[in-house]
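The structure appears right after this line, and notes come after that.
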Amino acid sequence: MSQNGESNQKFWESFHGPNIGYIEEQYELFKEDAQKVDSSIRDLFEHYGAPQWTEAQGKTQIEAVSPTMDSVYMEKVTSAIKLVEAIRRHGHLEADIYPVGKENSKNALLDPQTYGLSEADLQEIPANLLWKDAPVGIDNGHDVVKYLKGIYTGTISYEYEHVNNHEEIDWLLRNIESRTYSEDLSKEEKVQLLDRLAHVEGFENFLHRTFVGQKRFSIEGLEALVPVLDRVVKYATEDRIKNVMMGMAHRGRLSVLAHVLSKPVDLIFSEFHHSPDKGLVPSEGSIGMSTGWTGDVSYHFGGTREVKHGDDTFTRVTMAHNPSHLEFVNPVVTGFTRAAQDDRSKSGAPKQRLDEAFSVLVHGDAAFIGEGIVAESLNLSGIPGYQVGGTIHIIANNLVGYTTDQEEGRSTRYASDLAKGFEIPVIHVNADDPVACVAAITLAYEYRKKFNKDFVIDLVGYRRYGHNEMDEPRATQPLLYKAIDNHPTVVKGYAKRLLNEGIIEEQTLPNLEEKVEKDLQEIYNSMVEADLDTLETLEMPAELGDDLSDIKTAVSFQTLKSLHEGLLERPEGFNQFRRLSRVFKRREKMLDDGHKADWGTAETLAYASIVADGTPIRLTGQDSERGTFAHRHLVLYDENTNETYCPIHGLEEAKASFDIRNSPLSEAAVLGFEYGYSVHAPETLVIWEAQFGDFANVAQVIFDQFISSARAKWGDKSNMVMLLPHGYEGQGPEHSSARLERFLQMAAENNWIVANVTSSAQFFHLLRRQAAIGGTELARPLIVMSPKSLLRNERVSSEAKEFTEGVFEPLRQQPNLRVSKKNAKRLLLGSGKIMVDIEEAIDQSEESFNWLRALRVEQLYPFPEKQFIQELKQLPNLEEIVWVQEEPKNMGSWNFVSEILGEHLKEGQSLRYVGRPERSSPSVGDTNIHRVVQAQIVKEAIDPLKGGNS
Ligand SMILES: Cc1ncc(C[n+]2csc(CCOP(=O)(O)OP(=O)(O)O)c2C)c(N)n1
């Protein structure tokens with residue numbers, strides 16, 4: 001109910017005699033049951049409170065008037081209120097948002113006749129009955145309808161009815177209807193806007209003429225995107241926000257890089273010059289120049305720009321490098337943003353500072369609604385571990401997706417409709433009206449600043465050329481392109497408007513165009529000799545060749561013990577779940593003589609020691625706080641209060657933050673986010689854990705386009721860790737394999753490490769080594785085939801001295817074989833759980849195995865070839881090398897290792913595979929069959945009689 005009694009009274013006083021009775025009747029009904037009155041009348045009572053003339057004036061006037069007249073008039077008022085609401089809600093249906101190719105027709109929802117209202121009816125109704133904030137000069141219902149239609153059906157239109165927060169709706173309504181952010185640009189600003197647009201158009205024209213037949217995915221038809229992004233940078237700079245993180249696809253990227261990111265145009269020219277004639281190349285692939293050594297095409301590169309504040313501070317604008325795969329950059333950019341916002345310098349959870357950074361994402365209209373990663377990414381926007389205080393989304397809507405029309409591309413009215421489910425306000429704005437576009441971004445910026453929520457601007461323009469400049473769109477969109485061919489460019493249209501307003505002269509635009517062209521030509525001419533012909537070939541950084549064996553990862557017993565004890569302490573009064581207490585009780589002795597530390601303990605100690613070294617950690621994944629297999633328990637719940645406690649936060653020794661989060665049920669967006677976080681926070685050890693390893697394939701694009709190749713393409717470094725539970729345990733085709741083969745197939749140029757380790761100490765050292773390379777040239781990601789049943793297997797537990805003395809061993813001895821090297825006839829090699837199964841079988845066997853030597857390949861990539869050769873040298877009587885694996889032959893490591901192993905065979909020696917045959921599905925479904933097959937593999941691997949393939 002309104003707080004302002006005086007204005008309430010004024011409102012009710014605007015009702016005239018006959019209506020008072022009607023209102024009173026309605027109010028009596030309302031008091032009985034609010035649902036008994038029409039919703040629009042109910043709104044009035046809820047908003048303005050009880051009618052305030054009730055006692056004083058009411059009765060006498062009612063008697064004087066016929067009740068029929070009351071209700072007729074009130075019906076009109078109610079209808080008019082409905083019409084006004086319809087304009088707010090459905091105004092976009094008639095809005096002038098399409099520059100060309102489409103037009104909104106009159107809509108019945110916005111027609112007074114639909115509500116039984118004539119112009120005269122509307123004129124009879126006082127304005128403030130329909131709109132309490134009606135500005136001066138808006139006197140009656142007819143004025144209100146006209147005015148609001150001007151606001152909601154012009155070149156800018158709004159959708160915010162799906163937002164369920166009253167404060168937000170109220171803010172939006174007030175600011176939209178009072179045109180708070182519909183700036184009246186000054187004369188000077190208008191001319192500046194024209195100048196900017198002329199530069200954008202001139203730049204595109206120059207590229208078009210100079211680099212004939214090359215793809216550039218021109219911005220033309222959506223030129224207003226540049227001044228819109230200019231505004232974002234301006235506002236962020238004024239607010240001294242340290243980072244603006246941008247992400248966008250190919251469309252208009254070069255113009256944005258040149259104008260918003262200030263990428264030198266000569267650099268862009270040079271990249272074009274080095275590209276082959278892509279008319280002959282069907283895909284978007286080509287060689288360009290970059291900070292990586294294999295490079296990428298020019299319209300995938302990002303850039304950074306620093307805008308000074310006048311002192312020694314600045315706003316850094318970053319455009320993320322982008323793969324061709326549309327929209328997958330979105331979570332990567334928000335990951336950058338969160339990394340910039342989080343203060344990780346102290347123990348405990350990081351402190352998020354929203355004013356450090358925010359994200360702006362530019363989307364394609366077809367891609368925004370079509371690609372599922374968009375929904376996944378929007379779902380992160382309100383989740384505590386992932387929210388970034390609101391992202392501004394701009395849909396660069398050019399009506400067509402490649403050659404696909406909207407009707408073929410979506411089931412929704414607008415490309416932006418997906419955003420509505422996330423209660424994100426939407427503006428549709430006509431890209432031919434640059435002033436409206438500036439107003440749209442201003443409102444979006446202010447909304448984000450106030451509510452820290454996402455905002456979508458659907459920037460509706462067109463595409464002057466085909467999908468790229470060599471595509472002929474007239475073959476697929478003939479009518480649209482007839483219209484586009486006859487449609488003036490935005491700069492021409494805007495210049496005409498300024499000419500009509502008397503702001504510029506006839507010659508202003510031609511002069512401007514000539515100058516832009518001349519300047520670009522001069523830059524081009526001046527660089528032809530010097531720069532255009534020098535193609536720099538880049539090499540992989542030498543540091544990536546380092547095998548990381550010099551990194552010390554052991555921790556002194558004293559430190560380890562102290563951390564261990566600290567981890568087992570609980571805050572005063574914390575009621576730990578009783579059954580869990582038994583788990584922690586068991587852990588108490590694990591570092592003592594004669595005891596061993598299990599996987600969960602070793603992992604926790606690794607994290608504890610890493611934060612004690614001053615390196616922050618962020619660990620996320622589905623159910624990662626507890627751990628899918630309930631081994632981790634790094635977030636504990638008080639049995640009585642639900643309060644949580646993370647033992648790592650309680651450590652006195654911790655010098656950096658530790659963040660652990662259960663992620664939403666997403667792989668692609670969450671992995672993209674974590675990857676982005678790790679690139680932007682190189683000093684942090686970022687870990688993503690898949691629920692089961694095979695679900696990682698839902699994030700395949702992030703592995704292919706970012707994690708495996710971003711450094712070679714773009715120079716982006718990451719040391720992030722991916723824990724992918726893997727192992728054949730009879731759980732069927734979808735819970736067995738993390739598709740190890742795919743990671744090995746993509747392994748090259750030390751792009752990542754692929755490991756499958758079989759002791760808790762090995763895991764401890766591996767994690768610590770990974771933390772140590774963060775932020776250095778040595779950095780590279782780590783893929784771990786992590787355990788499931790081994791988490792509870794005594795055989796993988798390690799003694800304290802393995803933590804205090806050891807290092808990570810890429811190649812490891814099978815523990816329970818004591819063969820003399822001279823006698824060894826068979827060298828059995830394998831990786832991961834199968835080697836533990838074999839260890840068990842050897843223990844249970846009567847056989848002496850004095851002919852068998854076995855090694856575990858704990859790091860599959862880079863393959864520990866040096867150590868392997870060393871080993872071979874000591875086996876003079878070797879007859880065969882056997883590779884054993886539990887994955888089918890066409891999967892797992894066989895295809896990868898067979899080539900390496902084969903190269904080292906000496907005369908008379910053979911290489912043999914033991915494992916499952918080639919299969920289309922990773923495993924059988926029946927547990928019993930699994931057991932039989934698994935046992936056969938183990939048996940054959942250690943069978944003294946040589947055999948063929950199992
Ligand atoms: C994941 C993915 N699928 C398909 C493509 C091929 N492709 C590149 S652009 C494009 C059309 C995109 O349309 P829209 O999102 O409207 O952006 P526009 O190119 O029109 O600016 C397609 C299908 C791609 N790059 N990425």
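The first residue of the sequence shown is numbered 1, and numbering continues consecutively from there. The figures here come from the full heavy-atom set of this structure, side chains too, leaving out hydrogens, waters and symmetry mates. Counting starts at 1 for both ligands and their atoms, in listed order. On a predicted model such as this, the values are computed, not experimentally measured, just so you know.
Under 4.0 Å from ligand 1, the heavy atoms of Asn398 that appear belong solely to its side chain. Contact annotation for His467 and ligand 1: only side-chain heavy atoms (C-beta onward) come within less than 4.0 Å of the ligand. Contacts with ligand 1 closer than 4.0 Å are made by backbone heavy atoms (N, CA, C, O) of Val400 only, the side chain lying farther away. Of the heavy atoms in His250, only side-chain atoms (C-beta onward) come closer than 4.0 Å to ligand 1. The residue Glu327 has no part lying near ligand 1, judged by heavy-atom distances below 4.0 Å.
Each of Val721, Thr620, Val332, Ile702 was scored for a side chain to side chain contact (heavy atoms under 4.5 Å, CB included) with Glu674, with one residue passing: Thr620. Across Tyr465, Tyr299, Tyr402, a single residue satisfies ring pair (Phe, Tyr, Trp, His ring centres under 6.0 Å) together with Phe217, and that is Tyr299.
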Does Val317 form a side chain to side chain contact (heavy atoms under 4.5 Å, CB included) with Leu261? I'd like the steps, not just the answer. CA-CA 7 Å; Val317 186; Leu261 275 293; 4.0 Å; yes
Could you go through His321 and Asp716, starting from their C-alpha distance and side-chain angles, then the distance that decides it, and tell me whether this counts as side chain to side chain contact (heavy atoms under 4.5 Å, CB included)? CA-CA 9 Å; His321 300 297; Asp716 276 352; 3.6 Å; yes
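Across all non-hydrogen atoms, the minimal contact from Gly202 to Leu520 is O-CD1, 3.7 Å.
Every atom of ligand 1 is numbered from 1 in the order shown, and the set under 4.0 Å from a heavy atom of Glu371 is 1 (C), 2 (C), 3 (N). Using a 4.0 Å cut-off to heavy atoms of Ala366, the atoms of ligand 1 that qualify are 13 (O), 14 (P), 15 (O), 16 (O). Applying the 4.0 Å criterion to heavy atoms of Ser324 picks out, from ligand 1, the atoms 24 (C), 25 (N), 26 (N).
Of the polar atoms of Leu326, at least one N or O is found under 3.5 Å from an N or O of ligand 1, judged by distance alone. Not a single N or O atom of Phe368, backbone or side chain, sits closer than 3.5 Å to an N or O atom of ligand 1. Distances between N or O atoms of Ala396 and those of ligand 1 include no value under 3.5 Å. Looking at ligand 1, you'll find an N or O of Arg251 within less than 3.5 Å of one of its N or O atoms.
In this structure, the side chains of Tyr386 and Val670 come closer than 4.5 Å at one or more pairs of heavy atoms.
Between His428 and Tyr158, the distance from one ring center to the other does not fall under 6.0 angstrom. Aromatic rings of Tyr445 and Tyr181 (six-membered ring for Trp) have centroids beyond the 6.0 Å cut-off, not under it.
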